[in-house]
S.K.: 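To start, I am sharing the structure in question, which I have written as structure tokens.
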Amino acid sequence: MAKSVDEFNKKRLRSSNITVVISIALVLFLLGLMGLILINAQKYSDYIKEQLVVNAYFDENYDAKDSVKIAKLEEETFKKVQTLAPVKRATYISREMAGKEAKASMGIDTDALFEENIFPSSIEVALKPEYVDPAKIDEAIKTLKSVPGIVDVKNNSTLMVDVYNNLNRILKWILGFSILFLVLAVVLINNSIRLKIFSKRFIIKTMQLVGAKRRFILKPFIIEAVILGCIGSFLGLVALCGVWYYFTQEIGSAFVQDNQQYFWLVLLVFGVGIFITVLSTIVATWRFLKTNVDDLYYS
């Protein structure tokens with residue numbers, strides 16, 4: 001009879017551990033998925049911001065005999081622009097290139113309408129994402145205008161502000177959902193652990209009544225919590241990597257795009273899984289250590 005009771009208790013304990021591990025794995029999978037979405041959303045947001053360019057123009061009025069001197073001056077100016085703090089990428093556009101682009105945009109194949117070199121040479125500047133901020137764009141333009149040789153800087157500020165605000169709004173929503181999933185992770189893992197500890201409340205109280213110290217009672221529960229947290233985190237990350245690999249293969253993207261950010265995400269998922277599991281175990285166990293024997297039947 002005693003053997004059958006022990007087997008039943010072992011099966012129930014095993015079932016309880018499996019339930020906790022699955023709960024941890026599922027919650028951390030969703031948390032990690034939101035983290036991946038947030039990382040890539042930030043990456044693509046920065047990429048889009050870098051496509052918003054401003055144009056810095058050289059003086060279009062000069063004598064043809066000074067063309068060599070002007071070409072050297074423009075080359076020096078271009079090199080200076082490349083070294084400016086707000087500049088992410090700079091592209092030099094000669095008069096010939098500007099003329100070809102103008103004719104291509106207007107669908108003109110002939111020189112009958114205008115001469116090829118009536119447009120000034122310029123530098124197309126892609127700003128760093130942080131300088132696309134409406135509060136900093138004016139500072140970036142002033143910096144470009146201060147470079148000797150640049151006579152004018154033009155940009156579509158309205159488009160930049162609209163794109164910047166829309167991208168930031170999307171990122172804030174994704175960040176909000178990520179925080180919500182983090183809260184849900186804490187609540188769901190905590191509830192799973194509390195149910196597990198609840199099933200052992202009489203064992204906890206019995207150990208305390210026979211003289212075991214609280215630290216001694218807590219130790220095996222904490223060790224078990226660390227093990228369950230590690231297993232749950234590992235399974236959640238395996239599932240996450242599998243889903244993310246399938247997704248990147250479908251869209252033809254690289255599986256790992258930023259080693260450092262992905263590394264910190266893995267550490268975060270592991271850390272959250274172990275931390276919440278251990279903290280919930282300590283809180284739940286401590287609660288029953290402070291509870292009277294009679295109250296155990298109504299907890």
Side-chain angles (χ1 to χ4, degrees), residues 9 11-42 169-205 207-208 214-215 217-244 247 261-292 295-299:
N9 288 333
K11 288 182 180 179
R12 187 172 65 174
L13 178 61
R14 193 180 303 115
S15 175
S16 175
N17 288 339
I18 292 173
T19 302
V20 171
V21 167
I22 292 175
S23 299
I24 295 171
L26 287 175
V27 172
L28 293 180
F29 165 77
L30 293 176
L31 180 63
L33 186 61
M34 288 305 300
L36 281 175
I37 293 173
L38 181 60
I39 289 172
N40 285 275
Q42 180 66 59
R169 193 176 296 116
I170 293 171
L171 287 175
K172 286 177 181 177
W173 275 101
I174 295 176
L175 179 60
F177 277 114
S178 299
I179 294 173
L180 177 62
F181 270 101
L182 180 59
V183 173
L184 289 175
V186 173
V187 173
L188 293 175
I189 294 176
N190 179 62
N191 286 341
S192 298
I193 295 298
R194 285 183 62 188
L195 289 173
K196 176 179 171 59
I197 300 299
F198 179 80
S199 65
K200 297 181 179 181
R201 64 192 186 281
F202 291 109
I203 297 175
I204 294 171
K205 204 63 185 178
M207 293 173 67
Q208 187 180 27
R214 292 180 176 180
R215 184 181 302 176
I217 299 172
L218 278 170
K219 184 176 179 180
F221 287 99
I222 293 175
I223 293 174
E224 185 181 39
V226 171
I227 294 173
L228 293 178
C230 288
I231 296 173
S233 300
F234 175 76
L235 293 178
L237 286 170
V238 169
L240 179 64
C241 289
V243 170
W244 191 248
F247 175 74
Q261 287 186 321
Y262 283 23
F263 172 74
W264 286 113
L265 178 63
V266 169
L267 282 185
L268 175 65
V269 171
F270 250 103
V272 168
I274 296 173
F275 176 75
I276 296 176
T277 306
V278 171
L279 181 62
S280 300
T281 298
I282 292 174
V283 172
T285 307
W286 197 264
R287 175 193 171 201
F288 291 116
L289 287 173
K290 295 173 65 177
T291 302
N292 294 326
D295 294 334
L296 293 178
Y297 296 93
Y298 307 102
S299 298

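For reference, positions follow the sequence shown, starting with 1.
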S.K.: Mind checking side-chain contact (heavy atoms from CB on, under 4.5 Å) for V266 and listing every partner two or more places apart, or none if nothing turns up?
M.R.: L237, F270

S.K.: Which value, rounded to the nearest 0.5 Å, describes the distance between S233 atom OG and L267 atom CG?
M.R.: 11.0 Å

S.K.: Roughly how far apart are I193 CD1 and L279 CG, rounded to 0.5 Å?
M.R.: 10.5 Å

S.K.: Could you state the interatomic distance from CD1 (I24) to CG (L31), rounded to the nearest 0.5 Å?
M.R.: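 Here the interatomic distance stands at 13.0 Å.
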
S.K.: What pair of heavy atoms forms the shortest contact from G273 to L28, and how long is it?
M.R.: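 That closest heavy-atom pairing would be CA-CD1, 3.5 Å.
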
S.K.: Run the side-chain hydrogen bond (donor to acceptor under 3.5 Å, both in side chains) test against R215 and tell me which residues pass, sequence neighbours left out.
M.R.: none

S.K.: Could you state the interatomic distance from SG (C241) to CZ (F29), rounded to the nearest 0.5 Å?
M.R.: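 Rounded to the nearest 0.5 Å, the SG-CZ separation comes out at 10.0 Å.
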
S.K.: If the condition is side-chain contact (heavy atoms from CB on, under 4.5 Å), which residues does T285 pass it with, not counting sequence neighbours?
M.R.: I197, I204, L218, F221, T281, L289

S.K.: Does V278 have any side-chain contact (heavy atoms from CB on, under 4.5 Å) partners at least two apart in sequence or in another chain, and if so, which?
M.R.: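 Listed in chain order: I222, A225, V226, I274, I282.
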
S.K.: Where is the tightest heavy-atom contact between L265 and G35, given as atom of each residue plus distance?
M.R.: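 Shortest heavy-atom contact: CD1-CA, 3.9 Å.
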
S.K.: Can you list the residues that meet the side-chain contact (heavy atoms from CB on, under 4.5 Å) rule with F177, with sequence neighbours excluded?
M.R.: M34, W173, L180

